[in-house]
Amino acid sequence: MDRYERILSLHRILKTSRYPVTVARLQDELECSRATVYRDLAFLRDALMAPVVGDGDAGFRYDSAEGDRFELPGLWLSSGELHALLAAQQLLSRSGGGVLSSALAPLQSRIEKLLDEHSAGKQWPVQRVRVVPHRGRRMDEHAFRNVCSAVLERRQLAFEYRARSTDERTRRTVSPQRITHYRDNWYLDAWDHDRDALRSFSVDRITNARMLSGQARDIEDAELDTHLAGSYGIFSGPPKGVATILFEARAARWVADEHWHSQQQGRFLPDGRYELKVPYSNARELLMDVLHYGADAQIAEPVALSEQARSLLELALSKYER
């Protein structure tokens, strides 16, 4: 353990201890000599202004009146924590389609400098961790930043929105509630003031976004979850029904380990198939996921949803008829 990590560990020990800590215990936990413990205590008290009190016989602790308020100045993390933070930053920038790279660049350079100073120049090979985006969409970085800022600063947001289903372009004024990352893409959950209702917007379809001076209207988490997370998919809503899907044995092992919905119910059938029950509101996304499994999946209930799947398959088949 180098000095940087010893100081961090020493601070954490004194911060969390209700009673004075003996020098012998500090030697054992910091894996150092008695003299080193005294030097580190002196550095913590004199250089970092920590409220260290006590002596070698009774032990050391933080002053009860000041200990709760004291924190180490600057960014104090262990080498392992710095490596984890650097890895998380790089993974996030890679999975964000590049829109986060410039915003996170200062953080990366600061973390790398700290690692250089306190980890003897050791480098963790982040390049050996691969993130392969799947069907991610291109976003306007300016719009993405304004959306995120409006969510965090609790300000109303105005933007142009081009619906993917109809290609219609509309002007929206919303109170942002949450920014959601779902299947390699970003979505804005917001209260739409013009429609007086909760809506989800695909951020890649947002342009000319700007924050307004008005404070955002806050919607309770329970209402957001009921409306936006109550059924299958990002564009959900109150469940209209529960779909029962049967998966053949060769697909069952994969599906059994997949998370489709927080209220899903699944069980293996005696013949090796897997039965999955999923609440849904808008059938479109659920149908896309079921059809992804081709002949290994069958919608058993409700009948109307099963007929929709049959119609889609017949339409697809017609494209190959000569």
Side-chain angles (χ1 to χ4, degrees), residues 96-97 99-100 103 135-243 259-264 277-290 302 304-305 307-308 312:
V99 296
L100 300 176
R135 301 172 67 180
R137 307 182 192 121
R138 292 189 299 272
M139 284 190 300
D140 179 272
E141 183 171 349
H142 176 75
F144 179 75
R145 289 194 184 202
N146 278 341
V147 167
C148 291
S149 296
V151 171
L152 297 176
E153 295 181 28
R154 311 305 308 123
R155 299 263 296 279
Q156 291 184 24
L157 184 72
F159 55 84
E160 290 182 6
Y161 191 70
R162 189 175 180 181
R164 181 169 281 105
S165 57
T166 64
D167 207 34
E168 179 187 8
R169 189 184 295 272
T170 55
R171 188 72 186 172
R172 304 295 185 96
T173 301
V174 305
S175 284
Q177 303 299 317
R178 301 188 291 207
I179 184 79
T180 302
H181 190 255
Y182 177 73
R183 295 191 172 188
D184 277 345
N185 292 292
W186 290 94
Y187 299 87
L188 170 67
D189 299 336
W191 178 265
D192 191 322
H193 291 279
D194 297 321
R195 288 153 181 77
D196 201 30
L198 285 168
R199 293 287 188 269
S200 285
F201 302 92
S202 184
V203 177
D204 65 288
R205 308 298 286 182
I206 291 175
T207 56
N208 299 322
R210 61 186 180 87
M211 279 197 298
L212 305 178
S213 58
Q215 287 294 307
R217 171 180 174 177
D218 285 328
I219 307 297
E220 294 292 333
D221 285 343
E223 184 176 350
L224 289 173
D225 290 338
T226 298
H227 185 83
L228 299 170
S231 59
Y232 185 86
I234 188 71
F235 297 107
S236 54
K240 295 177 181 176
V242 176
H259 177 81
W260 289 47
H261 188 272
S262 60
Q263 297 173 20
Q264 71 186 43
K277 294 180 180 290
V278 182
Y280 75 97
S281 175
N282 188 325
R284 180 181 60 183
E285 189 173 0
L286 178 57
L287 286 168
M288 290 171 59
D289 280 351
V290 173
L305 190 64
E307 288 301 318
Q308 281 184 267
L312 289 172

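On a predicted model such as this, the values are computed, not experimentally measured, just so you know. We number each residue from 1, following the sequence as shown.
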Is Asp204 salt-bridged to Arg164, cutoff N-O under 4.0 Å?
yes

Residues His181 and Asn185: side-chain donor-acceptor under 3.5 angstrom:
no

How many angstroms lie between atom CZ of Phe201 and atom OH of Tyr187, to the nearest 0.5 angstrom?
13.5 Å

Minimal heavy-atom distance between Ala243 and Pro302, with the atoms involved, is CA-CD, 4.1 Å

Any chance you could lay out the salt bridge (Lys or Arg N to Asp or Glu O under 4.0 Å) test for Asp192 and Arg172, step after step, and finish with the verdict?
CA-CA 7 Å; Asp192 191 322; Arg172 304 295 185 96; 2.7 Å; yes

So, are Asp167 and Arg162 salt-bridged, with charged N and O less than 4.0 Å apart?
yes

So, Asp189 and Thr180: side-chain donor and acceptor under 3.5 Å apart, yes or no?
yes

Gap separating the CE atom of Met211 from the CZ atom of Arg155, nearest 0.5 angstrom:
4.5 Å

To the nearest 0.5 Å, tell me how far Arg145 CZ sits from Asp140 CG.
11.0 Å

Is it the case that atom CZ in Arg195 sees more than 12 heavy atoms from other parts of the structure closer than 6.0 Å?
yes

How far does CZ of Arg284 sit from CG of Leu312, to the nearest 0.5 angstrom?
12.0 Å

Are Ser200 and Leu188 close enough that some pair of their side-chain heavy atoms sits under 4.5 Å apart?
no

Determine the sole option in Val174, Val147, Thr207, Val203 for which the side-chain contact (heavy atoms from CB on, under 4.5 Å) test with Phe159 is passed.
Val174

Write out all pairs satisfying salt bridge (charged side-chain N to carboxylate O under 4.0 Å, His left out) with one or both partners inside residues 211-220, taking only residues at least two apart or from two chains.
Arg154-Asp218

Flag, side chain of Tyr280 to backbone of Leu287, donor-acceptor distance under 3.5 Å:
no

Distance check, rounded to the nearest 0.5 Å: Ser202 atom OG versus Trp186 atom CH2?
12.5 Å

Backbone N or O of Ile219 within a donor-acceptor pair of the Glu223 side chain at under 3.5 Å?
no

Taking Ser175's backbone N and O only, do any of them form a donor-acceptor pair with Gln177's side chain (distance below 3.5 Å, no angle check)?
yes

Atom pair CD (Glu160) and CZ (Arg205), whose distance is rounded to the nearest 0.5 Å:
12.5 Å

